Amino acid sequence: MDQDYDAIVLGTGLKECIISGLLSVAGMKVLHMDRNGYYGAESASLTLNQLYERFRPGQAPPKELGPNRDWNFDLVPKFMMANGQLVRVLLHTGVVKYLEFKAVDGSFVLSKGKIHKVPASDMEALKSPLMGLFEKRRARGFFQYVQEYNPTDARTHKGYDLNRMTMSELFKQYDLNEDTTDFIGHSIALHRDDSYLAQPAVSTVLKIKLYNESLFRYDGLTSPYLYPRYGLGELPQAFARLSAVYGGTYMLNKPDAEVVYDEAGVACGVSSEGVTAKAKFVVGDPSYFPSKVRLVGKVVRAIAIMSHPIPETNNAASAQIILPQKQIGRKSDMYVFCCSYAHNVAASNKWLAFVSTTVETANPEAELAPGLALLGPVDEKFVEVRDLYEPIEDGTRDKTFISKGYDATSHFETTVEDVLAMYKRITGNDLDLSKEAAANVEQQ
């Protein structure tokens with residue numbers, strides 16, 4: 001440990017492991033440390049025994065839940081878009097070869113108190129009760145425009161400047177009603193609240209294009225989402241393996257790891273057990289930098305063990321349900337994430353459901369009621385509230401590059417946006433996720 005490094009990374013959460021892997025691939029000498037004896041940090045996956053130790057200390061799991069080895073509980077459950085940034089990072093780095101993915105059966109949205117499948121094809125769209133006949137015609141025109149839109153080809157813009165036009169104004173051009181814009185904005189563009197309506201339309205249009213591209217990224221998809229077999233705990237370990245292949249050093253069980261600063265307040269290393277490792281900069285999750293982060297909110301998550309799929313989801317072995325804020329009288333959306341034995345995260349004929357949202361009241365668990373009501377009978381339930389922190393500065397001044405906490409969303413888009421933003425702040429360059437760049441990494 002008593003060496004000089006380009007970077008020291010603190011915490012083995014998914015964001016930190018991705019950064020560690022990317023910096024190692026870029027040729028940097030990286031030391032990666034964690035106070036815990038396991039990978040994952042806040043985004044870890046727990047076995048059945050570990051889940052009970054965390055939420056019900058001293059209580060053994062019921063025998064009817066089966067062997068401990070059959071279970072993997074993600075503390076921050078999220079699906080990944082099939083053509084999204086995380087999959088691109090996996091392909092770019094070659095980490096995909098360490099993992100096995102399975103498609104998610106369905107994407108659903110709550111509308112007027114009922115669960116509806118988000119259409120995954122023209123035929124599904126025609127049959128969907130989300131829109132009336134005339135509204136479907138108007139929506140078809142809107143989706144055709146979005147699919148044809150190319151930011152660099154003015155011929156596809158049809159006279160609209162989406163960098164100036166708001167999303168609300170674009171919706172009005174196609175005369176779409178509020179129910180339609182609600183499910184498009186929240187279950188397809190994946191916005192967490194309605195603030196996007198007053199923002200330039202280009203961002204939302206590109207998000208809708210991503211959803212559509214993800215649907216057709218691989219043959220036979222019935223939703224745009226993928227999820228790794230055995231849960232998300234495989235992801236941090238896969239990126240850790242990548243870093244090690246490129247010379248990265250890992251040290252777990254370092255509870256006293258502490259950032260060291262020079263006289264100017266700039267991070268210059270990390271000390272542990274009386275030894276200091278020097279580095280040009282330090283990366284880590286908020287828990288390692290208590291004086292350099294601010295509390296921006298809280299997230300409440302419920303974990304439910306069930307003996308059946310979620311009702312009204314076509315017996316899906318895996319599914320996402322988005323509850324848009326307006327549908328449940330809230331300021332922010334609620335998310336239901338479901339997976340099962342089909343993804344090797346639960347015992348045979350068992351399902352896991354996770355309900356999450358941003359805390360808005362003094363009674364967080366009660367806020368989950370709309371999502372929990374969709375699940376049907378629950379065998380066991382565990383609830384946790386987590387503080388959400390973000391860095392006060394961007395890290396360029398004091399060389400501490402700090403990740404944001406994990407939000408309530410049940411997909412990885414915001415997570416990877418944070419990682420890519422950190423990578424740019426650290427290196428000064430955007431990460432090139434083109435196919436050519438990925439091929440170059442494979443050849444190294």
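Note that the coordinates shown come from a computational prediction; the quantities given were computed from them, not determined experimentally.
For K404, the side-chain hydrogen bond (donor to acceptor under 3.5 Å, both in side chains) test picks out no residue, with sequence neighbours left out.
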For this session: Determine, stepwise, if the pair T313 / I321 fulfils side chain to side chain contact (heavy atoms under 4.5 Å, CB included).
Result: CA-CA 9 Å; T313 60; I321 308 172; 4.1 Å; yes

For this session: Dump the intermediate steps for salt bridge (Lys or Arg N to Asp or Glu O under 4.0 Å) on R155 and E148, then the final yes or no.
Result: CA-CA 10 Å; R155 293 172 299 177; E148 294 171 2; over 6 Å; no

Problem set entry | Stepwise side chain to side chain contact (heavy atoms under 4.5 Å, CB included) test for E42 and D285 | CA-CA 9 Å; E42 188 180 340; D285 70 53; over 6 Å; no

For this session: Kindly determine whether L51 and F382 satisfy side chain to side chain contact (heavy atoms under 4.5 Å, CB included), including the steps that lead there.
Result: CA-CA 9 Å; L51 182 79; F382 310 85; 3.5 Å; yes

Problem set entry | Chi angles and distances behind the side chain to side chain contact (heavy atoms under 4.5 Å, CB included) call for T276, V270 | CA-CA 6 Å; T276 299; V270 172; over 6 Å; no

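Counting heavy atoms of neighbouring residues, nucleotides and ligands inside a 6.0 Å radius, atom CZ of R386 exceeds 12 of them. Around CD of Q199, the count of heavy atoms belonging to other residues, nucleotides or ligands within 6.0 Å exceeds 12. No more than 12 heavy atoms of other residues, nucleotides or ligands shown are found within 6.0 angstrom of OH on Y230. Within a 6.0 Å sphere centred on CD of E413, heavy atoms belonging to other residues, nucleotides or ligands number more than 12. Within a 6.0 Å sphere centred on NZ of K292, other residues, nucleotides and ligands contribute more than 12 heavy atoms. A 6.0 Å sphere centred on CZ of R164 holds no more than 12 heavy atoms belonging to other residues, nucleotides or ligands. In this structure, N253 places its CG atom where more than 12 heavy-atom neighbours from other residues, nucleotides or ligands lie under 6.0 Å away.
T222 and L215 make their closest contact through C-CD2, 4.4 Å (heavy atoms, listed as atom of the first residue, atom of the second, distance). Closest heavy-atom contact between E367 and T358: OE1-O, 3.6 Å. Of all heavy-atom pairs spanning F216 and N212, the tightest one is CD1-O, 3.1 Å. The two residues A82 and R217 come nearest to each other via the heavy atoms O-CG, 3.5 Å. Here the closest heavy-atom approach between residue D6 and residue G27 is recorded as OD2-O, 4.4 Å. Annotation for Q325 and D193: closest pair OE1-CA, 2.8 Å, computed over non-hydrogen atoms.
Annotation: the span from Q85 atom CD to H92 atom NE2 amounts to 12.0 Å, rounded to 0.5 Å. With values rounded to the nearest 0.5 angstrom, T204 atom OG1 is found 10.5 Å from I184 atom CD1. Between the CZ atom of R88 and the CG atom of L420 there is a distance of 11.0 Å, given to the nearest 0.5 Å. Between the CG atom in N72 and the CZ atom in R69 there is a gap of 12.5 Å [rounded to 0.5 Å]. Put simply, CZ on R54 and CD1 on I303 are 8.0 Å apart, with the number rounded to the nearest 0.5 Å. The distance from the CZ atom of R330 to the CE atom of M334 is 4.5 Å, given to the nearest 0.5 Å.
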Could you list the donor-acceptor pairs under 3.5 angstrom formed by side chains in residues 234-243, with sequence neighbours left out?
unit_1 : atom_1 : unit_2 : atom_2 : d
Q237   : NE2    : G233   : O      : 3.4
S243   : OG     : S20    : OG     : 3.3
S243   : OG     : S24    : OG     : 2.8

Atom pairs and distances, donor-acceptor, side-chain atoms in residues 345-355, under 3.5 Å, two or more places apart:
unit_1 : atom_1 : unit_2 : atom_2 : d
K350   : NZ     : S307   : OG     : 2.7
K350   : NZ     : D379   : OD2    : 3.2
W351   : NE1    : A316   : O      : 3.3

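Cation-pi contact between R425 and F281: absent, since separation from the ring centre below 6.0 Å together with deviation from the ring axis within 45° is not met. By the 6.0 Å and 45° rule, K15 stacks over the aromatic ring of Y406.
Aromatic ring orientation, F337 versus F79: parallel (interplanar angle below 30°, classes split at 30° and 60°). Ring-plane geometry between Y145 and Y149 is classed as tilted, the angle between the planes lying from 30 to 60 degrees on a 0 to 90 degree scale.
Looking at K278 and D4, no side-chain N of the basic residue comes within less than 4.0 Å of a carboxylate O on the acidic one, giving no salt bridge. Using a cutoff of 4.0 Å between basic side-chain nitrogens and carboxylate oxygens, D387 and K298 are scored as salt-bridged. Under the 4.0 Å criterion applied to side-chain N and carboxylate O atoms, E384 and R301 are not assigned as salt-bridge partners.
In this structure, the side chains of K254 and R35 stay at 4.5 Å or more apart for every pair of heavy atoms. The shortest side-chain heavy-atom distance between S111 and D182 does not fall under the 4.5 Å cut-off. Contact check for Y288 versus T400: no side-chain heavy atoms found under the 4.5 Å cut-off. Residues M33 and I8 meet the side-chain proximity criterion, which asks for heavy atoms closer than 4.5 Å. Residues K399 and K280 fail the side-chain proximity criterion, which asks for heavy atoms closer than 4.5 Å. Within the 4.5 Å cutoff, side-chain heavy atoms of L23 are placed close to those of I426. Under the 4.5 Å side-chain criterion, counting only non-hydrogen atoms from C-beta, V385 is not in contact with V299. Side chains of H343 and S318 form a contact here, defined as non-hydrogen atoms less than 4.5 Å apart.
Here the side chain of H32 pairs no donor or acceptor atom with the backbone of T249 at under 3.5 angstrom. The backbone N or O of V300 lies less than 3.5 Å from no partner atom in the side chain of S356, so there is not a single donor-acceptor pair. For the pair K209 (side chain) and Q147 (backbone), a donor-acceptor distance under 3.5 Å is present. In this structure, the side chain of S223 engages the main chain of V104 through a donor-acceptor pair within 3.5 Å. Without hydrogens or angle criteria, T357 side chain to D333 main chain gives a donor-acceptor distance under 3.5 Å. Side chain of H157 to main chain of N150: a donor-acceptor pair is present (N/O by atom type, distance under 3.5 Å, no hydrogens or angles).
In this model, no donor atom of one side chain and acceptor atom of the other lie less than 3.5 Å apart for R192 and T409. Counting only N and O atoms by type, the side chains of Q3 and K29 include a donor and acceptor under 3.5 Å apart. For the 3.5 Å distance criterion, the side chains of Y335 and Q320 fail to qualify, holding no donor opposite an acceptor. A donor and an acceptor atom, one from each side chain of S45 and D74, are located under 3.5 Å apart. Y211 and S107 share a side-chain donor-acceptor pair at under 3.5 Å. A donor atom on one side chain and an acceptor atom on the other are not found under 3.5 Å apart for T47 and N49. Side-chain contact annotation: T12 with D34, donor-acceptor N/O pair under 3.5 Å present.
F289 has its ring centre no less than 6.0 Å from the ring centre of Y389.
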